[in-house]
Amino acid sequence: MNLESYPLDKLFHFVAGIIPGFVALLIYEAATPGTLRWFFTLGSLGYNTKLLLVFIVAFIIGNSLTAFLNLFLGFIWSVFGSFLIGRGYGSARSRGIPPWQDPRWRAVLKDHLGPHAPSDSGVISEYSFKQRTGVIDLLPEDERPAKRAELERERINADIDDTAWERWYEHYHQVVLQQENQDFEYKMREGLYFNLETTSLYVVVSATFVPSLRHWWCLFPACLWLVIFVWKMNWEFRRITDKWLTLQAQIKFLSERAHSPAGADKPPQSS
């Protein structure tokens, strides 16, 4: 692959892997004093060669640590992802209505999609359905079956329309998240932060085996970065699972595209 065509943010993420790798070498030196000193006293290698080897080893170890942490987080997501997504929809339901029923969002989406927008039929709640069923029960007996069938068709059509709005909301939920993640500064910062967080995790774990690491000036910054790491993971899970969090961003995104051609946006397929 041509190095000039490789994304700079990804390249920086790999290069920053030298941070946890170099710290891992220092911890190894603290656990086995004299190892690095012995290496640098070897007469068969030049000083520049020794430095290059140290950087290469640190690079390999660091990226191995970040890769392992990424795999571990992926495993956690694969195990608990469906549960977290369920909680995200639950938080939306707890607010009374799901976000795709927000009238402002529906207005800007209709303005953008034009004739491709779903029908904006009102959602028939369970309470409203029972009330209307009760009214039908007061009608003459020969009129009740037709009215009940009409009400049932109305509810089914309303549910179908609501599902179509939900699919569009999920579509733009993913679009907004991807747009935020494509920001160059965001990706550069996240690459550096993730390597620092990997380093902190390695320091805290190593401190249980290496007594010389048990100093406040060593553990305090490591624990601080771990707190940031946990907070970020919680925020990332919320961004993905809580559909309400992208409502305002979707309204802004769709408002900016209100007069752009809607043909490029294909209706999302139901799963």
I want to check something: taking the side chain as every heavy atom from C-beta on, are Val204 and Trp225 in contact at a cut-off of under 4.5 Å?
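Heavy-atom side-chain distance check fails, nothing below 4.5 Å.
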Heavy-atom check, side chain of Ile251 versus side chain of Gln248, under 4.5 Å:
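A side-chain contact under 4.5 Å exists here.
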Let me confirm one number: the [atom1]-[atom2] distance from [X] to [Y], rounded to the nearest 0.5 Å.
X      : Y      : atom1 : atom2 : value
Arg106 : Leu254 : CZ    : CG    : 13.5 Å
Arg104 : Gln250 : CZ    : CD    : 11.5 Å
Gln178 : His173 : CD    : NE2   : 10.5 Å
Asp102 : Leu109 : CG    : CG    : 11.5 Å
Phe55  : Ile60  : CZ    : CD1   : 14.0 Å
Arg167 : Trp100 : CZ    : CH2   : 12.0 Å

Can you list the residues that meet the side-chain hydrogen bond (donor to acceptor under 3.5 Å, both in side chains) rule with [X], with sequence neighbours excluded?
X      : answer
Asn63  : none
Thr35  : Thr32
Glu236 : Tyr186, Arg239

Is there a side-chain contact (heavy atoms from CB on, under 4.5 Å) between Tyr169 and Glu166 once you walk through the steps?
CA-CA 5 Å; Tyr169 190 91; Glu166 180 183 357; 5.6 Å; no
Heavy-atom pair of closest approach, residues [X] and [Y]:
X      : Y      : answer
Leu213 : Val203 : CD1-O, 4.2 Å
Val210 : Ala31  : CG2-CB, 3.9 Å
Ala24  : Leu65  : CB-CD1, 4.5 Å
Leu196 : Ile19  : CD2-CG2, 4.0 Å
Leu247 : Pro99  : CD1-O, 4.1 Å

Is it true that atom CZ of Phe39 has more than 12 heavy atoms of other residues, nucleotides or ligands lying nearer than 6.0 Å?
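Yes, enclosed.
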Does atom CD (Glu141) have a neighbourhood of more than 12 heavy atoms from anything else shown, all under 6.0 Å?
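Atom CD in Glu141 is not crowded, with 12 or fewer foreign heavy atoms closer than 6.0 Å.
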Tell me which pairs pass side-chain hydrogen bond (donor to acceptor under 3.5 Å, both in side chains) where either residue lies in residues 192-209, with sequence neighbours left out.
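For residues 192-209: Glu197-Lys232.
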As a quick check of understanding, evaluate side-chain contact (heavy atoms from CB on, under 4.5 Å) for Leu69 and Phe229, giving each step before the final call.
CA-CA 12 Å; Leu69 184 56; Phe229 174 70; 4.3 Å; yes
side-chain contact (heavy atoms from CB on, under 4.5 Å) assessment of Leu113 paired with Trp168
CA-CA 10 Å; Leu113 296 180; Trp168 276 112; 3.6 Å; yes
With a 4.5 Å cut-off on side-chain heavy-atom distances among I, L, V, M, F, W and Y, is there a chain of contacts connecting [X] to [Y]?
X      : Y      : result
Leu201 : Leu224 : no
Val227 : Leu219 : no
Trp38  : Leu53  : yes
Leu226 : Val205 : yes
Phe68  : Leu73  : no

For residues 142-167, pull every pair meeting ring pair (Phe, Tyr, Trp, His ring centres under 6.0 Å), keeping only residues two or more places apart or in separate chains.
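Passing the test, one end in residues 142-167: Trp105-Trp165.
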Members besides Ile156 in its Ile/Leu/Val/Met/Phe/Trp/Tyr cluster (side-chain heavy atoms under 4.5 Å)
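Result for Ile156 is Ile160.
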Between Glu152 and Arg155, does any side-chain N to carboxylate O distance fall below 4.0 Å?
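Judged by the 4.0 Å cut-off on N to carboxylate O distance, Glu152 and Arg155 do form a salt bridge.
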Determine whether a donor-acceptor pair (N or O, by modelled atom type, separation under 3.5 Å) exists between the side chain of Asp162 and the backbone of Ala158.
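It does not hold such a pair.
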Under the criterion side-chain contact (heavy atoms from CB on, under 4.5 Å), I'd like the reasoning laid out for Leu71 against Phe75: C-alpha separation, chi angles, the key distance, then a yes or no.
CA-CA 6 Å; Leu71 287 174; Phe75 171 76; over 6 Å; no
Report the relative orientation of the aromatic rings in Tyr172 and His112; use parallel for angles under 30°, tilted for 30 to 60°, perpendicular for over 60°.
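The rings of Tyr172 and His112 stand perpendicular, inter-plane angle above 60°.
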